[in-house]
S.K.: 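Take this structure, written in structure tokens, and hold onto it; I'll ask about it next.
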Amino acid sequence: MPYTTHEIHRIEEKWQKIWQEKKIFSATADSQKKKYYVLEMFPYPSGKIHMGHVRNYTIADVIARFRMMQGCNVLHPMGYDAFGQPAENAAIKHKTDPAKWTYGCIGQMRSELQRMGFSYDWDRELSTCDKAYYRWNQWIFSKMHERGLAYRKASSVNWCESCQTTLANEEVVNNACWRCKSEVVQRKLDQWYLKITDYSERLLKDLHHLEPWPSRVVAMQENWIGKSYGVNIFFTWKEIGERITVFTTRVDTIFGATYVVLAPEHPLVEKLIAGSPDEKTIRAFIEKVANESKSLRMAGDKKKEGIFTGQYAVNPVNGEAIPIWIADYVLMEYGTGAIMAVPTHDQRDFLFAKEHNLPMRVVIQDPVNPDVKVSDLKQAYEGQGVLVNSKQFDGTENESAKRKIAEWMSVNKMGEVTVHWRLRDWLISRQRYWGTPIPIVYCDQCGIVPVPEDQLPVVLPPAEDVKITGEGGSPLARCNEFVNTTCPKCKGKARRETDTMATFFDSSWYFLRFCSPRDDKEVFEKKEAAYWMPVDQYIGGIEHAILHLLYSRFFTKFFKDLGLISFDEPFARLLTQGMVLKDGEVMSKSRGNTVDPDEIIERYGADSLRLCILFAAPPEDQLEWSNGAVDGSWKFLNRVWQLVEQRFVPVVDNISAADLDQEDKDLERERNAAIKKVTEDISQGYKFNTAVSALMVLMNAIDQYRVVTGNATRQALLNRAIRSVIVLLAPFTPHICEELWQKTGGREESIVKVSWPSFDARALTRDSVQVVAQINGKLRGKFQVASGSSEEEVREIILADAKIQEFLAGKPVKRFIYIAGKVANIVI
RNA sequence: GGGCGGAUGGCGGAAUUGGUAUACGCGCAUGCCUUAGGAGCAUGUGGGGAAACCCUUAGAGGUUCAAGUCCUCUUCCGCCCACCA
């Protein structure tokens, strides 16, 4: 029977059914067994899975199945990150219910995942849009509120006109909405925030306990948290004597400060300009900047704009009075919203000073250009050097001057050493319908009142009761039955919060929920979480390197503080898989270069698709899709299939080592080498591509191995080799391997129950090895020598060779370097 | 501007971590076989050369008996961050 499309589908469906019915992948906590938790970043249920999903989940599936065969108790769950805007947008467009749309997509997605043959414990499947899930979002929010970690604040927020909602800083990419790419503007709104900044230090520190994480991701998180050490310098407003604190990381340049700049939103600005003759002009400028969208204000090539306040600040280190300016290039959100400008050593200040004709003074000597005149400067010098024009610090190397000046200023109360963070609190309010309602009630008497635990969940009203039009504001605000409620405290009339939570909230703890997904008494069962967590191997796209991973780490630390868990980090190891490209570009709907996995399965089957994606590139690299490669994978599987069909003949395997001739030993060596290579490639760095190639090498060796009919020894050895191929290939292409395992006498209910083979190191040795002879590093000959030959023996053999002698041309051998069993280099 | 990765045949990619560069696969070429299929099998396939040989891992130097691998500089590509003081 050939391995035809029809046959492939029959086999794949057959085994998927068996796995399902016999609950092969159902996981139960068992303290006697070593656990292994494999998790891929759960998908947004858009309906169809794409190649990126296929790659992500195939990688995870190989790891899960490999661990199962190694005898681990594996937890491998799947769920859906189901709240969010696409469902709402689709509902508006097609005049349907987001819930209906989402559950429809989930159904379709589930069947596509099942068609791929992934080893999920489907009993643990969850969707974040189920109230059984999101009620715990609300519970977590309440706990955070209780501890002051969830708070309401009026502030200028990122607003996407197109999505009609606010965005977290993390969701603003290049000053555009991360989802729809349209421009983000500033709006003043009352919003809910999570105080992730309380965890800055821990989020930063614990990164260094995450050594198996890709260094790239660690670096990205580090930059995002952005701890910078510096000095708060106390300038004084000359006229009034009020303090103006500026933050700097370059206190070594303090003697070069020639003006001070405040952000237009700085609280002192109002006082500074009141009554000034230029008040009107200055106000007009501030107004103009305030209305400017962030994207405009931050544009890199934009000319820096500013205006002089007419006031002066006194530099504490030298008593100098320098002008105070207001400029758009200083941001209120960072540092103190005020800077000292050192145009000679900061390029931004330099450009601004040139533009507005402000004075400059060199305080760090450029070793290349020590006597440069300020008027000749083409740009700021930001490198290292010794201090000049800096009084008692002249001649000090600037890096050590940082420390010395900071100390001196601290002692003399001119400033204080301080730390600033780039990380901001996390804005979670969204003016959308399809999300978790924020469990808060507003009462005229009692103010902001959290919904008590026993009244949770606050259920999202059905879409038919809410007018989801895509118009501005929260859709829930237009649903009176939802809004109007009674105050949990005073029982008087009250209104519900009508914003919903950002969906990143949902995905920040789902990995914990998988440990006890049906628990309706608590957020997750402590005992289950203690057994399964942390996730041993997390797999997903690099695009989540900052947001999702940072939030999940934050939630985990919060749960630890609640006493629910005892570990600090949710994901022990992280693998970020590369993107799938087509013709050199990322596969995407908008580019129109997608390949539908379903069509590939239809034609070649899931196994071929899985194999192809694993073989084409290492998991972390980009993968260039090629249809030819699937064809190759299919051909290979077909060869394996034919091998069993045509050459497997059951015989009793009672061979002893003494029975083996050279060809037998060669085959055994190849077989053991493949076991070694596949095992190491999977467990040390997930090098699936080379693992697959090792199996191809073994297949080639098997093809060379001839069995005369009736030779029981050879048939038994061939059978061994065949069965090794099947077992080793099982994590990669499970369906065909299940089928072939059974055909070759396997009696286990599934091949994942077969123990992963170990290799026999003795079988790997050879009687003779090839030694390459080099003369001055150039390849000059190859010699077969007996394994374990001494250097002298090898030297004798090589030097006796006529061709080598010819190359030596009578010159004396200066050195003879021998690397056992590999290379001999003759130096002349 | 800052950070992190890369660059190996026509293509995807290997290289025991300093020891035979191009494993494995795709593609291509030639031939065989056939109730003709998505076949299968055999042989070949980095470049130059008739050959002996020579050259070859983006480019240029260096260290070393030996460099794709280590060091220095240059070029190009990708990703992330970015008026962050």
Side-chain angles (χ1 to χ4, degrees), chain A residues 2-5 173-175 214-224 226 228 230 246-251 253 261 263 297-302 304 327-331 333-342 346-349 351-352 382 420-422 542-543 545-546 578-579 603-604 611-612 615-618 620-636 638-639 642 677 680 687 689-697 699-700 703 770-782 806 814-828:
Chain A
Y3 189 60
T4 57
T5 304
V173 179
N174 284 331
N175 303 303
S215 58
R216 202 150 73 106
V217 175
V218 172
M220 279 160 76
Q221 293 228 347
E222 239 167 26
N223 288 340
W224 192 264
S228 62
V246 310
F247 173 68
T248 185
T249 55
R250 290 296 307 273
V251 74
T253 64
V261 191
R297 183 168 163 187
M298 305 282 215
D301 49 353
K302 180 183 174 290
K304 301 179 191 337
D328 60 354
Y329 78 101
V330 173
L331 308 172
E333 308 96 85
Y334 188 77
T336 58
I339 64 153
M340 63 166 192
V342 186
D346 182 291
Q347 186 60 17
R348 293 157 302 179
D349 297 343
L351 292 173
F352 190 78
E382 293 178 331
H420 277 273
W421 301 87
R422 220 193 68 110
I542 187 80
E543 67 272 19
I546 298 174
M579 286 186 286
R603 190 156 166 213
Y604 297 92
L611 188 67
C612 162
F615 181 58
E620 273 160 306
D621 290 9
Q622 294 188 330
L623 185 150
E624 173 70 36
W625 177 264
S626 100
N627 288 319
V630 209
D631 218 61
S633 295
W634 174 80
K635 274 188 202 168
F636 174 72
N638 192 29
R639 268 178 75 198
Q642 298 302 337
K677 176 87 175 138
E680 288 174 356
K687 293 181 276 187
N689 55 332
T690 48
V692 172
S693 82
L695 286 168
M696 290 172 168
V697 170
M699 279 296 287
N700 292 343
D703 277 354
Q770 184 183 252
V771 171
V772 170
Q774 298 177 331
I775 295 175
N776 287 344
K778 270 195 192 308
L779 176 69
R780 292 303 182 201
K782 294 176 182 180
E806 203 177 303
K814 271 199 218 154
R815 276 179 76 184
F816 186 89
I817 294 144
Y818 179 57
I819 307 299
K822 282 178 189 162
V823 176
N825 194 11
I826 304 164
V827 186
I828 54 171

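Everything numeric here is computed off the predicted structure, so don't read it as measured data. First the proteins, then the strands, lettered A, B, ... as listed; each starts at 1.
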S.K.: I need the A:Arg639 CZ to A:Trp634 CH2 distance, nearest 0.5 Å.
M.R.: 12.5 Å
S.K.: As a test of reading the structure: which of B:C80, B:G25, B:G19 is closest to the side chain of A:Phe615, going by heavy atoms?
M.R.: B:G25
S.K.: Answer yes or no: side-chain N or O of A:Asn223 and base N or O of B:C81 forming a donor-acceptor pair under 3.5 Å.
M.R.: no
S.K.: Ignoring the backbone of A:Gln770, work out which of B:G13, B:U20, B:C54 is nearest its side chain.
M.R.: B:U20
S.K.: Relative to the 5' end of RNA chain B, which residue comes earlier, A:Val823 or A:Ile339, by the nucleotide with the nearest heavy atom?
M.R.: A:Val823
S.K.: Taking the minimum atom-to-atom distance to the side chain of A:Thr690, which one of B:A14, B:G19, B:C4 wins?
M.R.: B:A14
S.K.: When rounded to the nearest 0.5 angstrom, what distance separates OH in A:Tyr604 from OG in A:Ser633?
M.R.: 9.5 Å
S.K.: Look up atom CE in A:Met696 and atom CG in A:Leu611, then write down how far apart they are to the nearest 0.5 Å.
M.R.: 6.0 Å
S.K.: Name the closest nucleotide to the A:Pro618 side chain, picking from B:A85, B:C55, B:A14.
M.R.: B:A14
S.K.: Among B:C84, B:C65, B:U16, which is the nearest nucleotide to the side chain of A:Arg348?
M.R.: B:C84
S.K.: Base, sugar-phosphate, or nothing for A:Tyr604, non-hydrogen atoms under 4.0 angstrom?
M.R.: base
S.K.: Does A:Ala629 reach a base, just sugar-phosphate, or nothing at all? Heavy atoms under 4.0 Å.
M.R.: nothing
S.K.: What's the closest nucleotide to the side chain of A:Ile819 if the choices are B:G19, B:G13, B:G25?
M.R.: B:G19
S.K.: With A:Thr253, which of A:Asp346, A:Val342, A:Asp349 fulfils side-chain contact (heavy atoms from CB on, under 4.5 Å)?
M.R.: A:Val342
S.K.: Heavy atoms from C-beta onward define the side chain here; which of B:C80, B:A14, B:G19 lies closest to that of A:Ile546?
M.R.: B:C80
S.K.: Name the orientation of the base relative to the sugar in B:G68: syn if the glycosidic angle is within 90° of 0, else anti.
M.R.: anti
S.K.: Tell me whether the OP1 or OP2 atom of B:A82 has a side-chain N or O from A:Arg422 closer than 4.0 Å.
M.R.: yes
S.K.: A:Lys778 has a side chain; which of B:C26, B:U20, B:C55 sits nearest to it?
M.R.: B:C55
S.K.: Give A:Glu382 one of three labels, base, sugar-phosphate or nothing, depending on what nucleic acid heavy atoms sit under 4.0 Å from its own.
M.R.: nothing
S.K.: For a quick check of understanding: with a heavy-atom distance under 4.0 Å over all strands, which category does A:Val827 fall into, base, sugar-phosphate or nothing?
M.R.: sugar-phosphate
S.K.: Taking the side chain of A:Ile817 as heavy atoms from C-beta outward, which of B:C24, B:G19, B:C4 is closest to it?
M.R.: B:G19
S.K.: I want to confirm an ordering. Mapping A:Asp349 and A:Ser215 to their closest nucleotides on RNA chain B, which one lands closer to the 5' end?
M.R.: A:Ser215
S.K.: Side chains of residues 816-828 of chain A: which donor-acceptor pairs under 3.5 Å do they make with residues two or more places apart or in other chains?
M.R.:
from     : atom 1 : to       : atom 2 : distance (Å)
A:Tyr818 : OH     : A:Gly821 : N      : 3.0
A:Asn825 : OD1    : A:Asn776 : N      : 3.4
A:Asn825 : OD1    : A:Gly777 : N      : 2.9

S.K.: Just to be sure I understand the rule, does A:Asp346 reach a base, reach only the sugar-phosphate, or reach nothing, if contact means heavy atoms closer than 4.0 Å?
M.R.: nothing
S.K.: Which listed nucleotide (B:C79, B:C24, B:A85) is nearest to the side chain of A:Thr248?
M.R.: B:A85
S.K.: Mind checking which stems touch RNA chain B? I mean at least 3 consecutive Watson-Crick or G-U pairs, both distances under 3.5 Å.
M.R.: B:1-7 with B:75-81, B:10-12 with B:24-26, B:27-32 with B:40-45, B:46-48 with B:53-55, B:58-62 with B:70-74
S.K.: Between B:G12 and B:G3, how far apart are the C1' atoms? Round to whole Å, please.
M.R.: 29 Å
S.K.: Mind checking the CZ-CG spacing from A:Arg603 to A:Asp631? Nearest 0.5 Å is all I need.
M.R.: 6.5 Å
S.K.: How far does the C1' atom of B:G46 sit from the matching atom of B:C73, given to the nearest Å?
M.R.: 28 Å
S.K.: Within the 4.0 Å heavy-atom criterion, would you say A:Gln774 contacts the bases, only the backbone, or no part of the nucleic acid?
M.R.: base
S.K.: To the nearest 0.5 angstrom, please state how far the CZ atom of A:Arg422 sits from the CG atom of A:Asn223.
M.R.: 7.5 Å
S.K.: Considering only the P atoms, how many Å lie between B:G10 and B:C28, rounded to the nearest integer?
M.R.: 16 Å
